[in-house]
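We count residues from 1, following the sequence as given.
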Amino acid sequence: MARGPELVAARRLARHLLEEPHAPDAAAAASASVGTHAQIASSAEVSIGIRMAAGGAADVREALWPHRTLTKTYGPRGTVHYLATDELGMWLPALDAVPVTGGGPDDVRLDGDQTTAVVEAVRDALAQPGIEDGLTLDELDKEVVARTGSWAGELVMPAFQTWWPRWRQVISRAAARGALAFGPGRGRTITYVRAPDYVRVEEPEVQLLQRYLHAYGPAAPRDFARWLSAPIAWADSVFERASVERIADVFVNAGDTGFPDAASSAVLLLPYFDAFVVGSHPRSELFPRRAYERALARGQAGNYPVLVVDGTVQGVWHQKKSGKRIAITVEAFSRLSAGQRREVEHRAERIGAIQGASVSVSFGEVSVGPHA
């Protein structure tokens, strides 16, 4: 039996631990959302923190280093993510199985043998004794070229008004094969280390689909493909191997057909690139009417922090941090009740606590544009 979008949203919110945050630690919070987008570290810390029973940014940082219960690496869509380290045996082989599409001209691309050579060079470089704190990208450039040949270092990849060496086009593939992960930063400089050891699970792509459907279902193969930036034909093949159940024209895991009895009444402030908004489809249901035009960037979700009311995006917000104080401005697309405003303030206080700051809240226009 089909379920309305309001009950689908309520199910997803509950499974993301957003209505009643109770993750015991940062790794469990990242697991609940099937990975945490981490291109903006402070937003990732908030995404994880609002799903935890207690704690904040410091707990996320300690989970990365020194505890390593979280791993910072390249995740879905080749974007930087925090993944639960004890789930790498599913994540990395599944990501490695996603077919490569697109790419540059033939004379820029690496062939299969060259890709393997680069991955092994990265693995060997990061396995050297005495570099537990990792190598910078420039240092890794030299190590890879020394182990493979000058072809790997040819400056053929356009990037940010400069050129990168050829080998860097497969850096996310090296991550998927366990050759590297992000290490502790040297100030503002990124470092890379060997990925933690892991044991490959059986049928990792199917297990990843099951996790995706648990958090984001009901969903179609096209949604799973978009979430991973994978070919739809490949996503179809994973669905065919999985035990799924059809509801109308979308799917859930077999037997996982329960839905809440009522729509969500939660009022939430979600940061940039929160997994709930990035992974939920169809967009038109999560971003109704004005939200579709105002809170998306050319159809892409996550570029604005959003206000979620009753399971749909009903506004955007922005924070300005100054020392230990944060000023949050909330632009609601329709009138909020007094109770909903109090809930916004409550959620804002939690965001402040996660970041170790006091918070003030105002309601009005947000003039800041989307994050790239």
Between the side chains of D141 and W164, does any donor sit under 3.5 Å from an acceptor?
-> no

Do V60 and I50 share a hydrophobic cluster (ILVMFWY, side-chain heavy atoms under 4.5 Å, transitive)?
-> no

Can R294 be said to sit on top of F333's aromatic six-ring, NZ or CZ under 6.0 Å from centre and within 45° of the ring axis?
-> no

Test item: R173 and V100 side chains (from C-beta on) under 4.5 Å apart, heavy atoms | yes

Over 12 foreign heavy atoms within 6.0 Å of CG, D111 | yes

Just by modelled atom types, is the G49 backbone N or O under 3.5 Å from a matching donor or acceptor in the R350 side chain?
-> yes

Are any side-chain N or O atoms of H81 and backbone N or O atoms of T79, one a donor and one an acceptor, separated by less than 3.5 Å?
-> yes

Correct closest heavy-atom pair for A29 and M52 would be CB-CG, 3.9 Å

Donor-acceptor contact present, side-chain S337 to main-chain Q340, <3.5 Å = yes

Test side-chain hydrogen bond (donor to acceptor under 3.5 Å, both in side chains) on E6 and S264 and set out the steps.
-> CA-CA 7 Å; E6 68 282 354; S264 169; over 6 Å; no

Check: R147 and E120 side chains under 4.5 Å, non-hydrogen atoms | no

Is D86 salt-bridged to R68, cutoff N-O under 4.0 Å?
-> no

Can F287 be reached from V267 by stepping across I, L, V, M, F, W or Y side chains whose heavy atoms are under 4.5 Å apart?
-> yes

With no hydrogens and no angle check, is any side-chain donor or acceptor of R15 less than 3.5 Å from a backbone partner on H214?
-> yes

Are R283 and Y292 in a cation-pi contact, defined as NZ or CZ under 6.0 Å from the six-membered ring centre and within 45° of the axis?
-> no

Greater than 12 external heavy atoms within 6.0 Å of R186's CZ | yes

So, does W317 use its side chain to make a donor-acceptor pair with the main chain of A332 at under 3.5 Å?
-> no

Before giving the answer on ring-ring contact (aromatic ring centres under 6.0 Å, His included), spell out for F251 and F239 the whole-Å C-alpha distance, their side-chain angles and the decisive distance to 0.1 Å.
-> CA-CA 9 Å; F251 298 86; F239 269 75; 5.5 Å; yes

So, E245 side chain and G255 main chain: donor-acceptor pair closer than 3.5 Å or not?
-> yes

Stepwise side-chain hydrogen bond (donor to acceptor under 3.5 Å, both in side chains) check, Q319 with Q355 | CA-CA 12 Å; Q319 73 168 41; Q355 299 178 81; 3.1 Å; yes

For T71 and T85, what are the C-alpha separation, side-chain angles and deciding distance, and is it a side-chain hydrogen bond (donor to acceptor under 3.5 Å, both in side chains)?
-> CA-CA 5 Å; T71 296; T85 301; 2.8 Å; yes

Which heavy-atom pair separates A235 from P221 by the least distance, and what is that distance?
-> CB-O, 3.5 Å

Before accepting this row, confirm whether a basic side-chain N of the pair R11/D261 lies closer than 4.0 Å to the acidic partner's carboxylate O.
-> no

Would you mind reporting whether Q300 and L296 have side-chain heavy atoms less than 4.5 Å apart?
-> no

Less than 6.0 Å separating the ring centroids of F182 and Y74?
-> yes

With distance as the sole test, does D223 use its side chain to make a donor-acceptor pair with the main-chain N or O of H281 at under 3.5 Å?
-> no

Take atom NZ of K321 as the centre, draw a 6.0 Å sphere, and report whether it contains more than 12 heavy atoms from other residues, nucleotides or ligands.
-> yes

Given the rule in the side chain to side chain contact (heavy atoms under 4.5 Å, CB included) test, do F276 and L13 qualify, once you have shown the distances and angles that lead to the verdict?
-> CA-CA 8 Å; F276 174 78; L13 287 169; 3.5 Å; yes

Inter-residue atom distance H67.NE2 - E62.CD, 0.5 Å rounding | 4.5 Å

Note: L126 and A179 closest approach over all heavy atoms is CD1-O, 3.5 Å

Measure the spacing between CD1 of I328 and CZ of F363 and express it to the nearest 0.5 Å.
-> 10.0 Å

In plain terms, say whether E45 and R61 are close enough for a salt bridge, that is, a side-chain N and a carboxylate O under 4.0 Å apart.
-> yes

Distance-only side-chain donor-acceptor flag, E331 / T329, under 3.5 Å | no

List for me each residue that meets side chain to side chain donor-acceptor pair (under 3.5 Å) alongside S31, sequence neighbours excluded, and say none if there are none.
-> E87, R211

Would R177 and R123 satisfy side chain to side chain contact (heavy atoms under 4.5 Å, CB included), going step by step from the backbone distance to the final call?
-> CA-CA 9 Å; R177 295 182 184 177; R123 194 187 308 277; 4.1 Å; yes

Neighbour count above 12 (heavy atom, 6.0 Å) for R241 CZ = yes

Student check: side-chain heavy atoms of D256 and L213 closer than 4.5 Å | no

Is I354 reachable from L18 through a run of I, L, V, M, F, W or Y residues, each pair having side-chain heavy atoms under 4.5 Å apart?
-> yes

Do side-chain atoms of T162 reach the backbone of A159 as a donor and acceptor pair under 3.5 angstrom?
-> no

Are the side chain of R12 and the backbone N or O of A215 linked by a donor-acceptor pair below 3.5 Å?
-> no

Flag the pair L270 / V308 as yes when at least one side-chain heavy-atom distance between them is below 4.5 Å, and no otherwise.
-> yes

Tell me, do W91 and T73 make a side-chain contact under 4.5 Å, heavy atoms counted?
-> no

Transitive ILVMFWY side-chain link L208 to Y212, under 4.5 Å | yes

Closest heavy-atom pair, V313 versus A295, reported as atoms and distance to 0.1 Å, is CG1-CB, 3.9 Å

State whether the side chain of E203 and the backbone N or O of V238 hold a donor-acceptor pair below 3.5 Å, judged by distance alone.
-> no

Evaluate the side chain to side chain contact (heavy atoms under 4.5 Å, CB included) criterion for residues V316 and L307: first the C-alpha distance (whole Å), next the side-chain angles of each, then the deciding distance (0.1 Å), finally the verdict.
-> CA-CA 5 Å; V316 295; L307 166 69; over 6 Å; no

Single-linkage hydrophobic cluster, 4.5 Å side-chain cutoff, V98 and V206 together | yes

Pairwise side-chain contact, S358 with K324, heavy-atom cut-off 4.5 Å (strictly under) | no

Strictly by modelled atom types, are D274 and S47 linked by a side-chain donor-acceptor pair under 3.5 Å?
-> yes

Distance-minimising heavy-atom pair for V201 and P204 | O-CD, 3.5 Å

For I48 and L70, what are the C-alpha separation, side-chain angles and deciding distance, and is it a side chain to side chain contact (heavy atoms under 4.5 Å, CB included)?
-> CA-CA 11 Å; I48 288 175; L70 280 180; 3.9 Å; yes

Evaluate ring-ring contact (aromatic ring centres under 6.0 Å, His included) for Y216 paired with H16, printing each intermediate quantity in order.
-> CA-CA 9 Å; Y216 296 97; H16 274 253; 4.8 Å; yes

May I ask you to decide whether E345 forms a salt bridge with R342, counting only side-chain N to carboxylate O separations under 4.0 Å?
-> no

With a 4.5 Å limit on heavy-atom distance, are the side chains of P288 and Q314 in contact?
-> yes

Please report the C-alpha distance between D96 and R200 in whole Å, then the side-chain angles of each, then the deciding distance to 0.1 Å, and finally whether the salt bridge (charged side-chain N to carboxylate O under 4.0 Å, His left out) criterion is met.
-> CA-CA 12 Å; D96 192 34; R200 178 190 172 101; over 6 Å; no

How far apart are the closest heavy atoms of V144 and W167, and which atoms are they?
-> CG1-CG, 3.8 Å

